[in-house]
Amino acid sequence: MAAQNDAKRDEGPEWRTDFIRQAVIEDNKTGRWGGKVITRFPPEPNGYLHIGHAKALWIDYGIAAEFGGEFHLRFDDTNPTVEEQEFIDAIAEDVRWLGCDFGSHLYFASDYFEKMHEYAVDLIQKGLAYVDDLSAEQVRQYRGSLTAPGKESPYRNRSREENLDLFERMRQGEFPDGSRVLRAKIDMAHPNMNLRDPVMYRILHAVHPHRGDTWCIYPMYDWAHGIEDSIEGVTHSLCDIDYENHRPLYDWFIDAINQGRAKPIHHPQQLEFARFNLTYTVMSKRRLRRMVEEKLVSGWDDPRLPTLRGLRRRGVTPTAIRDFLAQVGVSKYVGTIEVELLDHFLRAELNRTSPRVMGVLRPLKVVITNYPEGKSEMLEAVNNPEDAAAGTRQAPFSRELYIEQDDFLENPPKKFFRLSPGREVRLRYAYFITCQEVIKDAAGRVTELRCTYDPATRGGDAPDGRKVKATLHWVSARDGVDAEIRLYDRLFTKEAPEDLPEGQDFLANLNPKSLEVLTGCKVEPAAAAKTPGQRIQFERIGYFCLDPDSQPGRPVFNRTTTLKDTWAKIQQREEA
RNA sequence: UGGGGAAUAGUGUAACGGCAGCACAACUGACUCUGGAUCAGUUAGUCUAGGUUCGAAUCCUAGUUCCCCAGCCA
């Protein structure tokens with residue numbers, strides 16, 4: 001043992017990996033699957049993917065990719081009453097977007113219906129399955145409870161012939177929905193509820209998105225899932241920890257099928273890992289749907305939602321999500337991840353890749369009194385200080401400008417070093433200016449500043465070496481483009497919105513300020529020239545993504561995340 | 001009260017009988033034409049009680065707490 005550990009350490013830090021990868025490494029070493037690694041992501045097409053699904057996806061895809069294996073996208077379309085083509089398309093799109101390339105390995109559980117049916121008939125013939133006429137309500141009652149054993153259905157001991165006949169007639173459509181089911185004959189007193197004669201088929205006269213009306217009986221997930229994996233030769237069947245209880249049933253089904261079979265069908269190894277919660281959001285499909293249906297958000301792609309579509313619209317990148325998931329890791333503990341971790345990886349990437357532009361969210365007019373009227377000039381600005389290859393651009397400057405309202409305070413506190421009366425600051429890439437006069441309206445609100453500039457500081461440096469404590473972003477009044485800017489914040493005010501006092505609705509924790517729409521913002525021309533989906537940084541403000549709602553000449557930006565803001569932190573502390 | 005899982009800094013994760021490490025967060029400081037970025041540093045942890053052992057996060061026993069399971073959903 002000690003020698004083995006030493007050997008592992010010699011391989012370097014890579015051996016420190018999660019328990020699933022360790023199992024794969026071990027299987028490859030022992031030749032359990034002949035060196036093959038086949039994984040799959042098996043969504044049901046009845047909704048949109050969210051970041052929780054992305055974890056499973058990234059584990060499935062990542063492991064196949066790392067070990068030179070095969071990754072399948074397989075739709076678990078066994079319940080036509082809730083599944084739709086729209087979701088199939090959306091899910092496939094999101095999977096690709098995340099970077100999980102399934103190549104030609106796109107499959108549908110419904111393509112295996114014939115095979116599953118054949119296996120079901122086989123089980124009936126072996127006396128391991130039976131048709132039950134009990135109603136759904138009766139089935140439930142007969143199942144017993146967590147602590148009390150169930151009791152056997154009076155139909156449990158029908159003859160093979162009768163079972164075969166009834167199952168065939170179920171398939172032929174002779175019986176109405178809900179009138180009969182096919183059940184596995186296991187043990188009504190089993191301590192694991194899943195093994196108390198689980199339902200294998202139910203009657204559903206419904207049109208299937210892929211199979212039309214070919215079928216009117218549909219397999220239950222537990223019956224179908226293991227067979228799907230078996231047919232595809234999945235070696236490592238990775239899933240949520242919730243299915244740990246079901247593994248004995250999947251094993252039972254495969255063993256039952258293999259009983260007396262000359263060539264046994266493939267028996268995948270299921271391994272379970274934990275899903276996670278994210279702070280300040282909810283992940284359950286039911287709750288997400290409710291917010292969409294009650295129009296508390298704009299749709300499944302609302303940038304505040306943890307759906308992949310929402311994150312994408314917000315400007316979150318696939319790389320950031322992947323880096324985040326890699327850091328989250330794989331374990332069997334259902335933890336709560338702080339959303340700040342996602343933000344961290346998001347900023348790390350966006351800082352590297354986003355072109356900088358200047359945009360003023362809440363404009364305050366500034367007139368440079370000693371700058372010639374009618375004059376304008378172009379000033380060179382760096383596109384991305386983190387990436388020299390991004391080059392420079394020309395930003396127009398003129399006598400009348402806008403700066404951020406937050407960047408001026410008439411009576412500044414000690415730690416505020418932006419503009420105030422008599423103080424000199426730098427306009428980024430432009431000039432030093434000094435505030436000479438404050439103009440107010442009748443209500444006493446500051447409406448305009450009169451400043452002077454120092455022509456010798458053109459470009460932003462003083463030849464005499466004097467320093468200023470602040471650099472402000474600005475937009476030329478003449479050249480700036482009007483924009484709408486949507487400031488998104490966390491959707492809920494509580495870290496765990498679902499953690500509620502008795503009888504309270506999670507919507508009570510909705511953040512009323514999760515979206516603030518700003519109009520009349522001013523952005524420099526370079527920002528307006530972007531196309532929807534493109535990401536930028538408004539200097540000193542944050543990262544933004546151009547929204548599809550944008551119109552020519554009237555861009556709409558979504559705030560992806562803010563820049564770290566030390567001043568905001570100081571302010572908060574002073575207030576507290 | 002049946003069965004199945006899980007507990008390591010604030011959060012997540014590593015250490016597989018031999019120095020409890022990493023990331024985020026928080027806090028200091030340096031630097032800065034983004035109060036950004038960057039850099040340096042600080043704080044902080046093995047659920048509890050016994051046992052085995054030269055040595056325990058790791059093995060054993062008992063307990064505590066949390067999660068999942070009673071759809072003809074997946």
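Just so we're on the same page: letters track the sequence lines, and every chain starts at 1.
- Between A:Tyr280 and A:Phe492, the ring centre distance reaches or exceeds 6.0 Å.
- In this structure B:rG35 sits in no base pair that meets the Watson-Crick or G-U test at under 3.5 Å.
- In this structure, A:Phe324 has its ring center at least 6.0 angstrom away from the ring center of A:Phe345.
- The residue A:Thr566 sits close only to the backbone: its heavy atoms come under 4.0 Å of sugar-phosphate atoms, none of a base.
- Considering only side-chain N and O atoms, A:Arg356 lies nowhere under 4.0 angstrom from the phosphate OP1 or OP2 of B:rG36.
- Closest to the side chain of A:Thr147, out of B:rG2, B:rA74, B:rG36, is B:rG2.
- Annotation for A:Leu278 and A:Thr336: closest pair C-CG2, 4.4 Å, computed over non-hydrogen atoms.
- When heavy atoms are screened at a 4.0 angstrom cut-off, A:Gln537 is found touching base atoms of the nucleic acid.
- Between the C1' atoms of B:rA23 and B:rA30, the separation comes to 23 Å (whole Å).
- In terms of phosphate contacts, A:Gln22 brings no side-chain nitrogen or oxygen within less than 4.0 Å of OP1 or OP2 of B:rA14.
- Of the candidates B:rC73, B:rC69, B:rG36, the closest approach to any side-chain atom of A:Asn245 belongs to B:rC69.
- Between the side chain of A:Glu244 and the base of B:rG3 there is no donor-acceptor pair of N/O atoms closer than 3.5 Å.
- Using a 4.0 Å heavy-atom distance criterion, A:Gln327 is classed as a base contact.
- Contacts of A:Val330 with the nucleic acid, taken as non-hydrogen atoms under 4.0 Å apart, involve only primed sugar atoms and P, OP1 or OP2.
- A:Asp18 places its CG atom 10 Å from the P atom of B:rA15, with the value rounded to the nearest Å.
- With B:rG3, B:rG71, B:rG5 as the choices, the nucleotide that has an atom nearest any side-chain atom of A:Ile241 turns out to be B:rG5.
- Residue A:Leu134 is in base contact, counting any heavy-atom pair closer than 4.0 Å across all strands shown.
- For the OP1/OP2 pair of B:rA74 and a distance below 4.0 Å, the side-chain nitrogens and oxygens of A:Thr78 include at least one atom meeting the criterion.
- Across all strands shown, A:Phe276 has no heavy atoms under 4.0 Å from either base or sugar-phosphate atoms.
- Put simply, A:Lys564 has no side-chain N or O that comes within less than 4.0 Å of OP1 or OP2 on B:rU34.
- For A:Tyr333, the listed nucleotide lying nearest its side chain is B:rG12; candidates were B:rG35, B:rG12, B:rU34.
- OP1 or OP2 of B:rG5 has not a single side-chain nitrogen or oxygen of A:Arg247 nearer than 4.0 Å.
- Taking 4.0 Å as the cut-off between side-chain N and carboxylate O, A:Arg202 and A:Asp177 do not count as a salt-bridged pair.
- Residue A:Arg21 places no side-chain N or O under 4.0 Å from the OP1 or OP2 atom of B:rA14.
- Checked against the 6.0 Å centroid criterion, the rings of A:Trp474 and A:Tyr402 do not qualify as a close aromatic pair.
- An anti base is found at B:rG41: its glycosidic angle is more than 90° from 0.
- Within the structure, every side-chain polar atom (N or O) of A:Ser331 is placed at least 4.0 Å from both OP1 and OP2 of B:rA6.
- Side-chain to base pairing of A:Glu539 with B:rG36: no donor and acceptor N or O lie closer than 3.5 Å to each other.
- A:Tyr243 comes within 4.0 angstrom of a nucleotide base, judged by non-hydrogen atoms across all strands.
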* Asked: Between A:Trp567 and A:Phe417, does a ring-ring contact (aromatic ring centres under 6.0 Å, His included) hold up when you go through it step by step?
  -> CA-CA 10 Å; A:Trp567 168 240; A:Phe417 29 85; 7.5 Å; no
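- Distances were taken from every side-chain heavy atom of A:Arg143 (C-beta onward) to each of B:rU34, B:rG35, B:rG71; the shortest belongs to B:rG71.
- Nucleotide B:rU1 has no partner under the Watson-Crick or G-U criteria, as no pair reaches both atom distances under 3.5 Å.
- A donor-acceptor contact under 3.5 Å is formed by the side chain of A:Arg418 with the base of B:rG35.
- Pairing of B:rC22, defined by two Watson-Crick or G-U wobble distances under 3.5 Å, is identified with B:rG12.
- Both A:Ala568 and A:Ala136 sit near RNA chain B, but only A:Ala568 has its closest nucleotide nearer the 5' end.
- For A:Phe417, taking side-chain heavy atoms from C-beta onward, the closest of the listed nucleotides B:rG35, B:rC72, B:rU11 is B:rG35.
- Aromatic ring centres of A:Phe167 and A:His117 lie closer together than 6.0 Å.
- Nucleic acid contact for A:Gly460: base, since at least one base atom lies under 4.0 Å from a heavy atom of the residue.
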* Using the side-chain hydrogen bond (donor to acceptor under 3.5 Å, both in side chains) rule, take A:Tyr130 and A:Asp197 through it: C-alpha gap first, then chi angles, then the decisive distance, then the call. => CA-CA 9 Å; A:Tyr130 63 98; A:Asp197 288 13; 2.7 Å; yes
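- Residue A:Lys285 places none of its side-chain N or O atoms closer than 4.0 Å to OP1 or OP2 of B:rC73.
- Two residues, A:Ile337 and A:Ser179, neighbour RNA chain B, and the one matched to the more 5' nucleotide by heavy-atom proximity is A:Ile337.
- Look at the P atom in both B:rA7 and B:rG41: the space between them is 32 Å, to the nearest Å.
- Among B:rC73, B:rA37, B:rG3, the nucleotide with an atom closest to any side-chain atom of A:Glu44 is B:rC73.
- Across all strands, A:Asp242 comes closer than 4.0 Å only to sugar-phosphate atoms, never to a base (heavy-atom distances).
- When both pairing distances are held under 3.5 Å, B:rA44 makes no Watson-Crick or G-U pair with any nucleotide shown.
- Here the P atom of nucleotide B:rG71 and the CG atom of A:Asn194 are 11 Å apart, to the nearest Å.
- For the P atoms, the distance linking B:rG3 with B:rG10 amounts to 34 Å, nearest Å.
- Looking at heavy-atom distances under 4.0 Å, A:Arg347 makes no contact with the nucleic acid at all.
- Annotation for A:Pro154 and A:Leu134: closest pair CD-CD1, 4.0 Å, computed over non-hydrogen atoms.
- Looking at the side chain of A:Lys332, the nearest of the listed nucleotides B:rA6, B:rU11, B:rG36 is B:rA6.
- When the side-chain nitrogen and oxygen atoms of A:Arg202 are compared with OP1 and OP2 of B:rA74, one or more of them lie within a distance under 4.0 Å.
- For A:Asp76, the listed nucleotide lying nearest its side chain is B:rA74; candidates were B:rC24, B:rA74, B:rG36.
- At a threshold of 4.0 angstrom between heavy atoms, the contacts of A:Val181 include nucleobase atoms, whether or not backbone atoms are also involved.
- Base pairing of B:rA7: its partner is B:rU64, meeting the Watson-Crick or G-U wobble criterion (both donor-acceptor distances under 3.5 Å).
- Nucleotides B:rG29 and B:rG35 place their C1' atoms 15 Å apart, quoted to the nearest Å.
- Using a 4.0 Å heavy-atom distance criterion, A:His246 is classed as a base contact.
- Pairing for B:rC59 goes to B:rG51, judged as Watson-Crick or G-U wobble with the two contacts each under 3.5 Å.
- Between A:Val382 and A:Glu539, the closest heavy-atom pair is O-OE2, 4.5 Å.
- No engagement by A:Asn46 is indicated, since no non-hydrogen atom pair under 4.0 Å with the nucleic acid exists.
- B:rG17 and B:rU11 are spaced 29 Å apart, taking the C1' atom of each and rounding to whole Å.
- Nucleic acid contact class of A:Lys569 (heavy atoms, under 4.0 Å, all strands): sugar-phosphate only.
- Side-chain proximity of A:Arg428 to the nucleotides B:rG35, B:rA23, B:rU34 is greatest for B:rU34.
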